[in-house]
Each structure stands twice: as C-alpha cells, then as structure tokens.
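Here the structure is laid out as structure tokens; the discussion comes afterwards.
Here the structure is a predicted model, which means the values were calculated and not measured. When reading the values below, keep in mind they use all heavy atoms of this one structure, side chains included, and skip hydrogens, waters and symmetry mates.
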Amino acid sequence: MKRKDWYWNLLFVGPTVCIFSLVVLVPFVMGISYSFVSWDGIAANAKRFIGFTNYVSAMSDTRFIRSAVKTFIFTAGAVVLTNALGLIVALLVTSKMKFAGVVRTFYFMPYLIGGLILGYIWKFIFSDGFAIIGNVTGWKFIFFNWLLNPTFALFALIFVSTWQTAGYVMIIYISGIQTIPQDLIEAAEVDGAHGWKLFWHVKFPLIMPAFTISLFMTLSNSFKIFDTNLSLTAGGPSNATELFAMNIYNEIFLNGNYGYGQAKAVLFFIIVAIFTLVQVSITKKREVGL
C-alpha cells in the first residue's frame, strides 16, 4: 500500500475507530476490571479488590438464575415467533398479492416505534383495553390484565417483542426471496415442486443467508431486551418478568452494587456470545450458493 493511500485510509477509518474504542472497547474493559472489585459506585469511596468473589456470588444468586431462566424462555418464544411470522408475511407479500406495498408498510411500522413508547402503549391495551373487551364480550378468561399474572405477563412481553420486530425481519426475508432466480423457481415447478415442497427444498435453502442474519439479530436482541421490559412490566409482577438486562440494571443502579452488577454483565456477555456464535456457525453451514 502506498504511503498516500495509507494516509487517506487513516483519515476515513481513524475517526470511526476512535469513536468505537471510546464508546465500546474502553467501557467494556473498564467493566471487566470493575467486576473484580467491591464498589458502590460513589467516586469518593474506595474500590476493594475481591477477585472472583462477585462471579461466585452471581452463580449462586437465585434471583439472577431465575432471570436467566425467564430470559431463555422469552428468547426461545420471541425468536421462533418473530422469524416464523416475518417469513410468512414475506412469502405473502412476494407472491403477487394485492396491496403488498400497503401490507409491508403497515407491518414494518411497529419497528419504527421506540421500545419504551411501545411498552407503554401495550401496557394500556393489556390493562384497560382488555378489561373493556372482557366486559363487553364476557370472555374474561382471555381478556383480562395479563400484566398482573406472572405467566401471562411473560407471554405479553413475547407478544409485544414479536409484534415490534417481525416487520424488520420481514424486510430481510423479502430481500433474500427477491435474490432467488425466477428461472430456478420455474424449473422446480416444471419438475413438480409446488407449495410446501417448493418452499422447503428450493426457496428456503436459497434464503439461508437471510435466515442466518435474521436469527442472529433476533437471538441477540431478545437476550439483550431492556426498554420494552422496563416500560411494559418493569420486571413484575413479583419479578416474574425480570430478564437478564433488567436484573443487571437493578443490581447496579438500584442496589448500588457496581462490581457485582458488572460481574453479572460479563457473564451475560459470555452467554450471549456463545449462543450467537453457535447459531451463526450452524446456519452458515446450511447456506447454499447460487
């Protein structure tokens, strides 16, 4: 590389690297260092090095373990429903259906709403809206305040997350479907592939790159969800919907255990990294090149 080109590359890449380092790398390294100390977050108070004590305590913290179980349940439900719904709608709007553009726009709009606002909107619907519908229809076994029931509150969180992100996943699947050569589809139809066989044996293998991206995004975002969790349920009732991120937030900012909270955050990062890397490695192997 010529020296002149090196200077130009540094000019354009340098600011991005600096911002990424200041916003991501430096806080990440500082967070790891804080996980080995006992500190209440007050600058005037000294940090006391305690080694791996925070990690040992986190592994035996029943509330943290319960939040982990709830997070895995939420992630499994949200990932499956979001990808299934997004793929189904993507197949519909790319099948020459009428008003496909309107359906795309309407279905994508929830993603443009912030998680906090979306949570407050659905909080009103689940509490007041469902109560009105239940009184009118008499179906109070379905239309009641889900947020007051520990089991249904988690279902409500899964539902809202799916409703918000399925539209974005739909766009990714549409992009993947549109890259499939039409002559390949026509050849498969001539050979007798229709309906489910055409989708499973022809279309789905060819949109595996889109599936890899969508699964990675929904998996990582579901593990890290916080804003909707905060505004919709705030972890309630009785911490039944306190997921990973909220448990860490409460530990640091409500309880003032910065070191302990950072240890939980590091464990959280490791778990998310393992699951996403395994997912990407598995789905990458099933991708088919054109």
Side-chain angles (χ1 to χ4, degrees), residues 1 3-61 63-65 67-68 71-72 74-75 111 114-117 119 161 165 168 212-213 215-231 234-235 242-281 284:
M1 182 183 294
R3 183 179 296 273
K4 184 179 179 180
D5 294 336
W6 189 87
Y7 286 141
W8 278 108
N9 291 338
L10 182 62
L11 177 63
F12 287 101
V13 177
T16 303
V17 173
C18 291
I19 294 173
F20 179 79
S21 300
L22 291 174
V23 175
V24 178
L25 295 181
V26 173
F28 180 72
V29 174
M30 292 178 63
I32 294 177
S33 65
Y34 287 153
S35 67
F36 296 104
V37 302
S38 176
W39 185 43
D40 58 4
I42 300 176
N45 295 338
K47 305 178 185 67
R48 184 168 57 89
F49 180 79
I50 57 175
F52 288 93
T53 302
N54 286 328
Y55 290 95
V56 175
S57 300
M59 296 296 289
S60 59
D61 188 337
R63 182 169 174 176
F64 183 62
I65 294 174
S67 73
T71 304
F72 284 122
F74 166 80
T75 300
Y111 184 77
L116 283 173
I117 298 175
S161 177
T165 57
Y168 185 77
T212 299
I213 296 171
L215 196 59
F216 171 79
M217 294 187 61
T218 52
L219 187 65
S220 59
N221 291 338
S222 296
F223 268 118
K224 297 183 296 183
I225 188 172
F226 174 75
D227 48 1
T228 306
N229 190 192
L230 177 65
S231 58
E242 184 186 65
L243 304 184
F244 260 141
M246 176 158 285
N247 180 272
I248 295 169
Y249 173 86
N250 291 336
E251 194 66 58
I252 294 176
F253 295 103
L254 296 185
N255 300 335
N257 297 326
Y258 274 65
Y260 187 38
Q262 284 295 336
K264 289 183 176 182
V266 173
L267 292 174
F268 174 47
F269 168 79
I270 294 173
I271 292 172
V272 175
I274 290 174
F275 272 86
T276 52
L277 289 175
V278 170
Q279 172 263 307
V280 170
S281 64
K284 271 286 184 181

- Please work out whether the ring planes of Tyr258 and Phe253 are parallel, tilted or perpendicular, with thresholds of 30° and 60°. perpendicular
- Message: Can a donor-acceptor pair be found, under 3.5 Å and without considering hydrogens, that links the side chain of Ser222 to the backbone of Leu219?
- Response: no
- Message: Please give me the minimum heavy-atom distance between Ser220 and Thr276, naming the atom from each residue.
- Response: CB-CG2, 4.0 Å
- Which pair of non-hydrogen atoms, one from Gly261 and one from Ile252, has the smallest distance, and what is that distance? CA-CG1, 3.5 Å
- Can you tell me if CG on Leu25 sees more than 12 non-hydrogen neighbours from other groups inside 6.0 Å? yes
- From Phe269 CZ over to Ile274 CD1, what is the distance, rounded to the nearest 0.5 angstrom? 10.0 Å
- Min side-chain heavy-atom separation Met217-Tyr168 under 4.5 Å: yes
- Task: Output the distance between atom CZ (Arg63) and atom CG (Asn250), rounded to the nearest 0.5 Å.
- Result: 6.0 Å
- Message: Distance check, rounded to the nearest 0.5 Å: Ile225 atom CD1 versus Thr218 atom OG1?
- Response: 12.0 Å
- Item | Spacing of Leu267 atom CG and Tyr55 atom OH [to the nearest 0.5 Å] | 6.5 Å
- Item | Minimum-distance pair of heavy atoms, taken over all atoms of Gly31 and Gln262 | CA-OE1, 3.3 Å
- Message: Using every non-hydrogen atom in the two residues, find where Ala263 and Asn54 come nearest and quote the distance to one decimal.
- Response: CB-CB, 3.5 Å
- Give, for atom CD of Glu242 and atom OG of Ser67, the distance between the pair rounded to the nearest 0.5 Å. 6.0 Å
- Task: Measure from the side-chain N and O atoms of Thr75 to the backbone N and O of Phe72, and report whether any donor-acceptor pair falls under 3.5 Å.
- Result: no
- Message: Which heavy atom of Trp39 sits nearest to which heavy atom of Ala46, and what is that distance?
- Response: CD1-O, 3.9 Å
- Message: Ignoring hydrogens and geometry beyond distance, is a side-chain donor-acceptor pair present between Tyr260 and Asp61 at under 3.5 Å?
- Response: yes
- Heavy-atom pair with the smallest gap, counting every atom of Met246 and Leu230: CE-CA, 3.3 Å
- Message: Here's a test for you: under ring-ring contact (aromatic ring centres under 6.0 Å, His included), which of Phe268, Phe216, Phe244, Phe223 qualifies with Phe275?
- Response: Phe223
- Query: Considering residues at least two apart in sequence or located in another chain, which fulfil the salt bridge (Lys or Arg N to Asp or Glu O under 4.0 Å) criterion with Lys47?
  - Reply: none
- Going from CG on Asn229 to CG on Leu116, what distance comes out if it is rounded to the nearest 0.5 angstrom? 11.0 Å
